[in-house]
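What follows is a set of notes on a single structure, which appears directly below.
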Amino acid sequence: MNTTINIILFGIGNVGSTLIKQVLATNATISLKQGLNLEIPIIANSTTAFFKTNGIKNNWQTDFEIFGFPYKINDIIRYIQKEELGNIIIVDATASRKFVKHYKAFFQQGYHIVTANKIANTLSLDYYNSLRTTILNNWTHFNYETNVGAGLPIIETLRRLSDSGEQIHKIRGVFSGSLSYIFNTFSEKQLLFSEVLQSAQQKGFTEPDIREDLSGKDVARKLLILAREIGLQKELSDIAVESLIPSSLEEIHYLNDFNLKLNELDRYYSDLKVKKSANHVFRYIGELDVLNGTLQTKLVLEPKTSAIGQLRGADAAIEIFSESYKEQPLVIQGAGAGSAVTARGILTDILKIAKQLNTFKLVEA
Ligand SMILES: NC(=O)c1ccc[n+]([C@@H]2O[C@H](COP(=O)([O-])OP(=O)(O)OC[C@H]3O[C@@H](n4cnc5c(N)ncnc54)[C@H](O)[C@@H]3O)[C@@H](O)[C@H]2O)c1
Ligand SMILES: N[C@@H](CCO)C(=O)O
């Protein structure tokens, strides 16, 4: 008999809604080939939740609008208990700091978590370590491949190398899909910087607050996640981060006020573009030098002919230099942002847990 996996989805924006589409489209095949039924009995955004015991269907948006109601996290937990839903995988497709506060309680309930949200992995080291203790104590799983490079297998690759005793020397590259797209487009086309930003937002490459990308924070978080993955005891404050936001716009509190001043960004980047030669492109890179223990993110000019200079669209490219990949790095490259690749990465993370739960069931039977 198939094993039912109950996905509780928080965040139904770009990534979350694409995940629903992918789950509904692939469920029959997954059921046939892998013996797993993926159901989504609960979906929620920041204010509203919608419950359907046997899982949402293609008309979920209308259902959510009509039958959604204001909720608290305890309502969700109570519903799961009342309906006796098992094999719970919480999916965090938000960018919310507030939501992360519930992670420990979820693990304590025996729920597993798959997250695209980078916050939990980039809070203080104390929190990071205590979260891992909670996960272990409750025999739960925590997958977050999409934290770095969207659907690209970066964390998995690094973990495999690291687990097998391989010494990692350096990790370097373009970590941000949105910044890759922004600088590719801005370097090549006669568009205002603000027009390129809007296009990146419309394509779903940016964070809900674009300043997370422009400030370099999003890249810094990715770098920190990789550093911690290979055992480095680092904090976000250990990273030298170059912001792409001119100082005159840095103190603005509200996103709407920031958006009203985008013409200042236009002036700043038009001036910068004039200074660039035709055979170079801007690249925003991150670098983790394990041997020196330094982490930095910065804007550089790369020759168009270099590997990083040749990136297209929203591609990310991560180079891993290690004991076995000393001179020529191991390179992972491909779309580094976008709802389809990210949702597919989340689905892969869900299936990894689901397969373990299924194996456990077979062993127990
Ligand atoms: N867009 C990408 O290419 C990409 C790639 C990798 C990772 N991610 C990550 O995926 C996450 C979602 O990105 P997105 O582009 O879908 O954002 P989005 O703004 O389109 O959607 C965010 C959703 O989260 C909901 N939300 C906010 N706070 C919440 C809360 N406290 N509880 C429940 N729901 C809450 C919002 O209502 C909205 O439905 C982010 O953490 C982002 O970093 C995105
Ligand atoms: N805003 C992020 C999404 C992927 O984490 C990026 O541009 O890379």
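Residue numbers run from 1 in the order of the sequence given. Note: hydrogens, waters and symmetry copies are ignored here, and every other heavy atom, side chains too, is used.
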Please check if the side chain of Gln167 supplies one atom and the backbone of Glu323 the other of a donor-acceptor pair under 3.5 Å.
no
Arg228/Glu235 salt bridge by N-O under 4.0 Å criterion:
yes
Do the side-chain N and O atoms of Tyr181 and Ser199 include a donor-acceptor pair separated by under 3.5 angstrom?
yes
Relative to each other, are the rings of Tyr144 and Phe142 parallel, tilted or perpendicular (30° and 60° limits)?
tilted
Here's a test for you: under salt bridge (charged side-chain N to carboxylate O under 4.0 Å, His left out), which of Arg312, Lys273, Lys304 qualifies with Glu188?
Lys304
Kindly determine whether Ile8 and Ile89 satisfy side chain to side chain contact (heavy atoms under 4.5 Å, CB included), including the steps that lead there.
CA-CA 6 Å; Ile8 314 297; Ile89 302 184; over 6 Å; no
Students often mix this up, so state it plainly: with edges at 30° and 60°, are the rings of Phe186 and Tyr269 parallel, tilted or perpendicular?
perpendicular
Yes or no on side chain to side chain contact (heavy atoms under 4.5 Å, CB included) for Tyr103 and Asp92, after CA distance, side-chain angles and deciding distance?
CA-CA 10 Å; Tyr103 278 21; Asp92 179 357; 2.5 Å; yes
Is it the case that Arg283 places NZ or CZ above or below the six-membered ring of Phe183, under 6.0 angstrom from the centre and within 45 degrees of the axis?
no
Can a cation-pi geometry be assigned to Lys222 and Phe175, taking NZ or CZ under 6.0 Å from the six-membered ring centre and within 45° of the ring axis?
no
Charged N to carboxylate O below 4.0 Å: is that the case for Glu212 and Arg221?
yes
Are Leu192 and Leu179 connected, step by step, through hydrophobic side chains (Ile, Leu, Val, Met, Phe, Trp, Tyr) whose heavy atoms are closer than 4.5 Å?
no
May I ask you to say whether Glu145 pairs ionically with Arg344, meaning some side-chain N is under 4.0 Å from a carboxylate O?
no
